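First up is the structure itself, then whatever we jot down about it.
Treat the numbers as computed from the prediction; the structure is a model and nothing was measured.
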Amino acid sequence: MKALRVEEASNVKFRCMYDVFISFRGEDTRKSFTDQLYKALVDEGYRTFKDDNEIERGEDIKSELDKAIHSSKSSIIILSKNYATSSWCLDELVMILENKRKRGHAILPVFYYVDPLDVGKQMGSFATAFAKHEQRIMEQSEEGKEEWIEKIKRWRAALREVADQRGSGMVLQNSDQQTELRFIEKLVKVTENKVNRSILSVAPHLIGMNCRVNNICLWLQHKADNVGIWGICGMGGIGKTTIAKYAFNSNFESFERSSFLYNVRDFSESTDGLMYLQKQFLSDILDGRKIDIQSVKDGINQIKSVVYGKRVLVVMDDVDEVDQLVAII
């Protein structure tokens, strides 16, 4: 397919400083669950942002938090009993969800000793928190009242939206310390798939690589509604896989989901090899969830269902038969 030229990809591409931003209510979890989670993420090599500032907050701190969210690939949102009492937490949540919609920022809600239903419908402690927020409306000027009403509407909508993600989130209820530690271990594993931070290994300081992948990157940045295919052809050993990996690393953050399938030809030659590739692709797209496939045709149907309406980047390395493409695309 002919590449579609758009504005310079370098102007669109956003560089992330962090793998994970943790949104949490300090009085609920700072000295326990959040600190343990932060340590586990850092120990696994994730660049993780956790706000350790407990002093009086001002606009400078808010600006730094906003920048940290925008500079992160993903957010873990720890929804605890008193999360909604904090206007800072609710503002963070609104911004996190805006980044999710605009640039594919991954989110992982953690319902920490709260019912997702209470979060979405603002019941229980969440109802109490919003009753106090609404009391503040009367304390505002006429202009301030309208602004505060709109702010509360955004907060409620954000909580409903994040509660709707409970199927891909994680719930912790009625557990002891050991259970929490096991939960954190599982959370870190889920985060690896959510973040999709696995930058593919490419030799550093590759001379002339930018000019070789520039057209591919421009094409990938064009947000077309149809399925597009770009082929990299040539004899063995000329660097086709390296070019594909470089292009993948430069662009996967711009897509909702992504997958790099290695050695397609070798896998295809083995028994049920195409089904293995389909399972790997679905696992990448579904944040590590394993899917049972009965046949290649079944796999094709499941892939169609999963990717429908999503912007997905898939790279298939070493393809030599059309049926390999048909099985995935």
Side-chain heavy atoms under 4.5 angstrom apart, residues restricted to Ile, Leu, Val, Met, Phe, Trp, Tyr: same cluster for [X] and [Y]?
{"X": "Ile303", "Y": "Val322", "value": "yes"}
{"X": "Val42", "Y": "Leu108", "value": "yes"}
{"X": "Leu325", "Y": "Leu261", "value": "yes"}
{"X": "Ile293", "Y": "Val326", "value": "yes"}
{"X": "Val306", "Y": "Val227", "value": "yes"}

Would you check if the side chain of [X] reaches a backbone N or O of [Y] as a donor-acceptor pair within less than 3.5 Å?
{"X": "Glu321", "Y": "Val319", "answer": "no"}
{"X": "Lys240", "Y": "Gly234", "answer": "yes"}
{"X": "Gln173", "Y": "Val114", "answer": "yes"}
{"X": "Arg25", "Y": "Asn82", "answer": "yes"}
{"X": "Lys31", "Y": "Gly26", "answer": "no"}
{"X": "Glu161", "Y": "Val94", "answer": "no"}
{"X": "Ser259", "Y": "Phe281", "answer": "no"}
{"X": "Glu92", "Y": "Leu65", "answer": "no"}
{"X": "Ser283", "Y": "Ile291", "answer": "no"}
{"X": "Arg30", "Y": "Asp51", "answer": "yes"}

Which heavy atom of [X] sits nearest a heavy atom of [Y], and at what distance?
{"X": "Ser23", "Y": "Cys89", "answer": "OG-O, 4.4 Å"}
{"X": "Asp28", "Y": "Ser80", "answer": "OD2-OG, 2.6 Å"}
{"X": "Phe111", "Y": "Val162", "answer": "CZ-O, 3.9 Å"}
{"X": "Met316", "Y": "Val264", "answer": "CB-CG2, 4.0 Å"}
{"X": "Leu274", "Y": "Ala327", "answer": "CD2-CB, 4.2 Å"}
{"X": "Phe260", "Y": "Asp284", "answer": "N-OD2, 4.2 Å"}

Side-chain donor-acceptor contact under 3.5 Å, Ser75 with His105: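 Note: Ser75 and His105 side chains meet the donor-acceptor criterion.
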Any donor-acceptor N or O pair under 3.5 Å, side chains Thr241, Tyr262: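 Thr241 vs Tyr262: no donor-acceptor pair found between side chains.
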Reference residue Ile76; test side chain to side chain contact (heavy atoms under 4.5 Å, CB included); the match among Ile96, Leu41, Ile107: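 The passing option is Leu41.
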Separation between [atom1] of [X] and [atom2] of [Y], rounded to the nearest 0.5 Å:
{"X": "Asp272", "Y": "Leu277", "atom1": "CG", "atom2": "CG", "value": "11.0 Å"}
{"X": "Glu134", "Y": "Ile149", "atom1": "CD", "atom2": "CD1", "value": "9.0 Å"}
{"X": "Glu180", "Y": "Gln178", "atom1": "CD", "atom2": "CD", "value": "10.5 Å"}
{"X": "Tyr38", "Y": "Phe49", "atom1": "OH", "atom2": "CZ", "value": "9.5 Å"}
{"X": "Leu97", "Y": "Leu159", "atom1": "CG", "atom2": "CG", "value": "9.0 Å"}
{"X": "Ile69", "Y": "Ser74", "atom1": "CD1", "atom2": "OG", "value": "12.0 Å"}

Please check if atom [atom1] in [X] has more than 12 non-hydrogen atoms from other residues, nucleotides or ligands closer than 6.0 Å.
{"X": "Gln177", "atom1": "CD", "value": "no"}
{"X": "Lys39", "atom1": "NZ", "value": "no"}
{"X": "Lys121", "atom1": "NZ", "value": "no"}
{"X": "Glu269", "atom1": "CD", "value": "yes"}

Should [X] and [Y] count as side-chain neighbours, where that means a heavy-atom distance under 4.5 Å?
{"X": "Val188", "Y": "Tyr46", "value": "yes"}
{"X": "Lys245", "Y": "Val315", "value": "no"}
{"X": "Trp155", "Y": "Leu93", "value": "no"}
{"X": "Arg182", "Y": "Thr179", "value": "yes"}
{"X": "Leu79", "Y": "Pro109", "value": "yes"}
{"X": "Ile78", "Y": "Leu37", "value": "yes"}
{"X": "Asp91", "Y": "Met95", "value": "no"}
{"X": "Lys186", "Y": "Phe183", "value": "no"}

One thing to verify: whether [Y] and [X] come together as a salt bridge, which I'm taking to mean a side-chain N less than 4.0 angstrom from a carboxylate O.
{"X": "Glu150", "Y": "Lys153", "result": "yes"}
{"X": "Arg265", "Y": "Asp318", "result": "yes"}
{"X": "Glu98", "Y": "Arg154", "result": "no"}
{"X": "Asp35", "Y": "Lys50", "result": "yes"}

Residues Tyr246, Ile216; criterion side-chain contact (heavy atoms from CB on, under 4.5 Å); working and verdict: CA-CA 10 Å; Tyr246 192 95; Ile216 301 175; over 6 Å; no
Measure the acute angle between the ring planes of [X] and [Y], then classify it against the limits of 30° and 60° as parallel, tilted or perpendicular.
{"X": "Tyr276", "Y": "Phe267", "result": "parallel"}
{"X": "Tyr112", "Y": "Phe33", "result": "tilted"}
{"X": "His133", "Y": "Phe130", "result": "perpendicular"}

Derivation of the side-chain contact (heavy atoms from CB on, under 4.5 Å) call for Asn215 and Trp230: CA-CA 10 Å; Asn215 284 341; Trp230 185 296; 3.9 Å; yes
Tyr18 six-ring centre to Arg47 NZ/CZ under 6.0 Å and within 45° of normal: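 That pair does not qualify as a cation-pi contact.
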Step-by-step side-chain contact (heavy atoms from CB on, under 4.5 Å) determination, Asn99 to Phe21: CA-CA 12 Å; Asn99 275 271; Phe21 177 94; over 6 Å; no
Derivation of the side-chain contact (heavy atoms from CB on, under 4.5 Å) call for Lys297 and Asn301: CA-CA 6 Å; Lys297 184 177 180 180; Asn301 290 331; 4.2 Å; yes
